[in-house]
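I have placed the structure first, in the form of structure tokens, so that the comments after it can refer back to it.
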Amino acid sequence: MEEANNGEDRDNKFLRKAVEEAYKGVECGDGGPFGAVVVHNDEVLVSCHNMVLRNTDPIAHAEVTAIREACKQLKQSELADCDIYASCEPCPMCFGAIHLSRIKRLVYGAKAEAAIAIGFDDFISDALRGTGFYQKAHLEIKRADGNEAVIAEQVFEETKAKFQMY
């Protein structure tokens, strides 16, 4: 039982740091109320907040920013020996970045609905529900057909020898 409490205490400590980052980002005007912490060897490697407004970059979410910084610090493109703590349930883009970075563990605080309630959109809740109910953007998606689609697919076949994937 004590080991479970230690794990819970650890999670709470790092999640609190992510929430502090969320407040910090809003207070300095960098972006929305989202924070993320990447933990390596039981220590905070990076602590970041949303930088969308400061960087005029719609993908500078806290989790993406934290993953980029952690990779730079560790000089590697995978974070398989790291955990990430996010103040809020990650959006699909951030969840994708977490997955692609091979982070071993995600702990988040608030549900997406808390952010949706104050006007944020693009949350994973839509993806999980298979709806676009909360989406504000209207995006048409079309797959190219004909020769261009074939040419685009050929790049994978023609370059596969250069990549040793998992």
Side-chain angles (χ1 to χ4, degrees), residues 7 10-11 14-15 17-19 21-22 24-25 30-116 120-132 134-137 139-144 148-149 151-166:
R10 177 184 183 275
D11 286 350
F14 294 130
L15 189 55
K17 181 71 173 158
V19 172
E21 274 294 332
K24 180 179 168 186
D30 286 347
F34 305 95
V37 173
V38 174
V39 174
H40 180 253
N41 293 333
D42 236 15
E43 297 288 327
V44 172
L45 178 64
V46 296
S47 182
C48 298
H49 54 261
N50 182 289
M51 299 288 285
V52 168
L53 298 176
R54 180 177 184 160
N55 294 353
T56 58
D57 179 357
I59 63 171
H61 291 194
E63 299 92 333
V64 170
T65 302
I67 289 167
R68 286 175 174 159
E69 291 302 314
C71 288
K72 283 180 195 174
Q73 285 197 27
L74 294 175
K75 297 178 175 44
Q76 59 192 39
S77 60
E78 289 187 9
L79 302 172
D81 54 350
C82 294
D83 297 342
I84 191 166
Y85 292 81
S87 62
C88 186
E89 181 178 9
C91 73
M93 176 188 69
C94 291
F95 185 77
I98 291 164
H99 170 74
L100 291 172
S101 71
R102 304 293 186 237
I103 286 175
K104 67 179 177 182
R105 190 162 178 263
L106 159 67
V107 177
Y108 68 89
K111 289 185 175 183
E113 285 77 6
I116 291 166
F120 287 92
D121 69 346
D122 300 325
F123 277 86
I124 201 165
S125 56
D126 273 352
L128 292 173
R129 294 178 187 117
T131 69
Y134 295 114
Q135 298 294 327
K136 293 179 183 170
L139 171 66
E140 177 185 346
I141 300 173
K142 177 187 183 289
R143 182 178 181 269
E148 277 61 33
I151 289 169
E153 287 184 4
Q154 286 173 340
V155 70
F156 296 101
E157 185 63 32
E158 292 175 8
T159 63
K160 70 181 178 186
K162 295 183 186 266
F163 297 95
Q164 181 67 37
M165 301 307 282
Y166 317 98

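Hydrogens, waters and symmetry mates are skipped; everything else that's a heavy atom, side chains included, is used. Throughout, residue positions are numbered sequentially from 1 according to the sequence presented.
Within the model, atoms CZ of R105 and CG of D83 stand 5.5 Å from one another, a figure rounded to the nearest 0.5 Å. Rounding to the nearest 0.5 Å gives a distance of 9.0 Å between CD of E89 and CG of L106. Note that CE of M93 and CD1 of I98 are 10.0 Å apart. Values are rounded to the nearest 0.5 Å.
Take H40 and apply the side-chain contact (heavy atoms from CB on, under 4.5 Å) test, not counting sequence neighbours, and it matches L45, L74, D81, C82. K24 is linked by a salt bridge (charged side-chain N to carboxylate O under 4.0 Å, His left out) to E21, counting only residues two or more places apart in sequence or in another chain. Not counting sequence neighbours, the partners of K72 by the salt bridge (charged side-chain N to carboxylate O under 4.0 Å, His left out) test are E69. Residues meeting the ring pair (Phe, Tyr, Trp, His ring centres under 6.0 Å) test with F14, sequence neighbours left out: Y85. Partners of A110 under the side-chain contact (heavy atoms from CB on, under 4.5 Å) rule, at least two apart in sequence or in another chain, are C88, A114. A search for side-chain hydrogen bond (donor to acceptor under 3.5 Å, both in side chains) contacts involving E157 returns K160, not counting sequence neighbours.
Here the side chain of S87 pairs a donor or acceptor atom with the backbone of G35 at under 3.5 angstrom. Checked by atom type and distance alone, the side chain of E78 never pairs as donor or acceptor with a backbone atom of A80 at under 3.5 Å. A distance-only check finds no donor-acceptor pair linking the side chain of N55 to the backbone of D57 [under 3.5 Å]. Remark: side-chain polar atoms of T56 are not paired, donor with acceptor, to backbone N or O of L53 under 3.5 angstrom.
Closest approach of H61 to N50, counting heavy atoms only: CA-ND2, 3.9 Å. The two residues A70 and V38 have their closest heavy-atom pair at CB-CG1, 3.9 Å. The two residues A62 and F34 have their closest heavy-atom pair at CB-O, 3.5 Å. Here the shortest heavy-atom pairing between A97 and V64 reads CB-CG2, 4.1 Å. Looking at every heavy atom in both residues, I67 comes nearest to S101 through CG2-CB, 3.9 Å.
Looking at V39 and R10, their side chains come closer than 4.5 Å, going by heavy atoms from C-beta outward. At least one side-chain heavy atom of I84 sits less than 4.5 Å from a side-chain heavy atom of E63.
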Check step by step if side-chain contact (heavy atoms from CB on, under 4.5 Å) holds for Q73 and V46. CA-CA 9 Å; Q73 285 197 27; V46 296; 3.3 Å; yes

